[in-house]
Amino acid sequence: DAGITQSPRYKITETGRQVTLMCHQTWSHSYMFWYRQDLGHGLRLIYYSAAADITDKGEVPDGYVVSRSKTENFPLTLESATRSQTSVYFCASSDVQDPNYGYTFGSGTRLTVV
Amino acid sequence: AQTVTQSQPEMSVQEAETVTLSCTYDTSESNYYLFWYKQPPSRQMILVIRQEAYKQQNATENRFSVNFQKAAKSFSLKISDSQLGDTAMYFCAFTPIQGAQKLVFGQGTRLTINP
C-alpha cells in the first residue's frame with residue numbers, strides 16, 4: 001500500500017553516536033515534515049521541506065540535520081545523540097494540490113538514547 | 001506565531017456517553033484548516049475530522065462533530081455514543097492555507113472510554 005514508510009520502527013543508541021532515521025513516501029507529495037512527540041508537548045516540528053533541495057527549520061531543529069536530494073526521501077540525522085532526543089519521531093507529507101488537503105503520517109520511530 | 005492549546009490532558013467517560021474535547025488556537029491568519037487527529041496505542045496518526053475556516057457549517061463525520069467558533073478561536077470535538085475503540089490520544093492541529101503547510105499541534109488529550 002502506498003504511503004509513508006519510516007525505518008527503523010525502534011532504535012536504541014548511545015549518547016554521542018550519530019543516527020539516521022529514514023522516511024520514504026510514494027505519493028510524490030511536495031511537502032515533507034519531521035515531528036517529535038513528547039508527553040505534554042504534543043508533536044513539535046523539527047524540520048520541513050517544500051521540495052527537493054529545499055529545507056527549513058521548524059520549532060525544535062537544534063541537534064538535527066535533514067536533506068532531501070530526491071522528492072520521495074527525507075532522512076533525519078541526529079549528529080551526536082543526547083538523552084533529551086529520546087522521543088517518538090514522525091515523518092509526514094502533504095500536497096497543496098490535494099483537494100482533501102490531507103497529511104499522510106508514517107508509523108513513527110521510537111528512539112531511545114542511553 | 002500560531003499556537004494550539006488543549007487544556008484537558010486526560011478525560012474518561014463511560015461507553016455510550018457523549019464527550020467533548022476542547023481546543024483553542026491563536027493566529028492572525030484569516031484562512032486556515034483545523035484538524036482533529038486520533039492516535040491509538042499503535043501510534044498511527046488517524047485523521048478524525050477537518051474544518052475549513054472559511055466554511056460556516058461545522059464539520060461532521062458519523063459520530064464525530066466539531067463546534068467551530070471562529071471569533072473565539074475555539075474548535076472542540078464532540079464524540080457521540082462513545083465506543084471502546086475511541087480510546088486514544090487526540091490531537092487538535094492547525095495550518096494556514098497560505099505559505100508552508102506546517103501543522104501546529106496541541107499538547108493532546110488522552111481519552112479513555114470505560115466499559
Side-chain angles (χ1 to χ4, degrees), chain A residues 1 3-10 23 25 27 29-51 54-61 68 74 87-111, chain B residues 1-10 21-26 29 31-55 59 61 75 77 88-111:
Chain A
D1 190 16
I4 288 192
T5 303
Q6 284 186 242
S7 61
R9 187 157 172 80
Y10 299 92
C23 178
Q25 56 129 337
W27 294 111
H29 283 168
S30 52
Y31 278 91
M32 294 188 76
F33 309 87
W34 275 107
Y35 288 90
R36 60 177 289 173
Q37 181 179 0
D38 304 290
L39 193 63
H41 292 280
L43 280 76
R44 292 179 292 175
L45 183 64
I46 304 171
Y47 269 96
Y48 67 101
S49 169
I54 301 175
T55 62
D56 207 348
K57 296 178 180 179
E59 181 184 355
V60 288
R68 196 170 177 203
F74 191 40
S87 186
V88 178
Y89 291 85
F90 285 95
C91 180
S93 71
S94 70
D95 187 352
V96 69
Q97 302 300 326
D98 180 356
N100 291 318
Y101 207 96
Y103 292 78
T104 302
F105 285 85
S107 299
T109 295
R110 181 178 292 280
L111 176 68
Chain B
Q2 294 97 356
T3 59
V4 177
T5 301
Q6 294 178 248
S7 59
Q8 305 151 313
E10 295 187 22
L21 309 183
S22 301
C23 173
T24 58
Y25 59 94
D26 188 23
E29 301 280 343
N31 290 321
Y32 46 87
Y33 289 100
L34 293 160
F35 306 82
W36 277 99
Y37 281 92
K38 171 185 178 181
Q39 186 184 47
S42 66
R43 280 205 319 246
Q44 189 64 42
M45 294 292 285
I46 302 167
L47 177 64
V48 174
I49 203 164
R50 179 182 65 242
Q51 176 78 43
E52 295 153 349
Y54 53 87
K55 289 189 176 179
E61 289 287 342
F75 184 61
L77 175 69
M89 189 74 122
Y90 287 81
F91 292 99
C92 179
F94 162 100
T95 188
I97 291 178
Q98 296 297 325
Q101 301 175 4
K102 298 181 287 183
L103 267 177
V104 178
F105 287 87
Q107 303 90 330
T109 296
R110 185 174 301 279
L111 176 65

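Quantities reported herein were computed from a predicted structural model and do not represent experimental measurements. Chain A is the first sequence line, chain B the second, and so forth, proteins listed ahead of strands; every chain is numbered from 1.
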How far does CE of B/Met45 sit from CZ of A/Phe90, to the nearest 0.5 angstrom? 6.5 Å

A/Tyr103 ring center within less than 6.0 Å of B/Tyr37 ring center: no

Crowded around A/Ile54 CD1? As in, over 12 foreign heavy atoms under 6.0 Å? yes

Which pair of non-hydrogen atoms, one from B/Gln44 and one from A/Ser107, has the smallest distance, and what is that distance? OE1-OG, 3.3 Å

What part of A/Thr109 gets closer than 4.5 Å to chain B, counting heavy atoms only: side chain, backbone, both or neither? backbone

Best-contacting candidate, B/Met89, B/Gln6, B/Arg43, against chain A by heavy atom pairs under 4.5 angstrom: B/Arg43

So what's closer than 4.5 Å to chain B heavy atoms on A/Leu43: side chain, backbone, both or neither? both

Please flag which part of B/Ile46 lies under 4.5 Å from any non-hydrogen atom of chain A: side chain, backbone, both or neither. neither

Bottom line for A/Arg44: the part with an atom under 4.5 Å from chain B's heavy atoms is neither

Okay, side chain of A/Tyr35, backbone of B/Leu103: is any donor-acceptor separation there less than 3.5 Å? yes

Would you check if B/Gln101 and A/Phe33 make a side-chain contact, meaning some heavy-atom pair closer than 4.5 Å? yes

Measuring heavy-atom distances to chain A, does B/Gln39 have an atom under 4.5 Å in its side chain, in its backbone, in both, or in neither? side chain

So B/Phe91 and A/Gln37, do their side chains get closer than 4.5 Å, heavy atoms only? yes

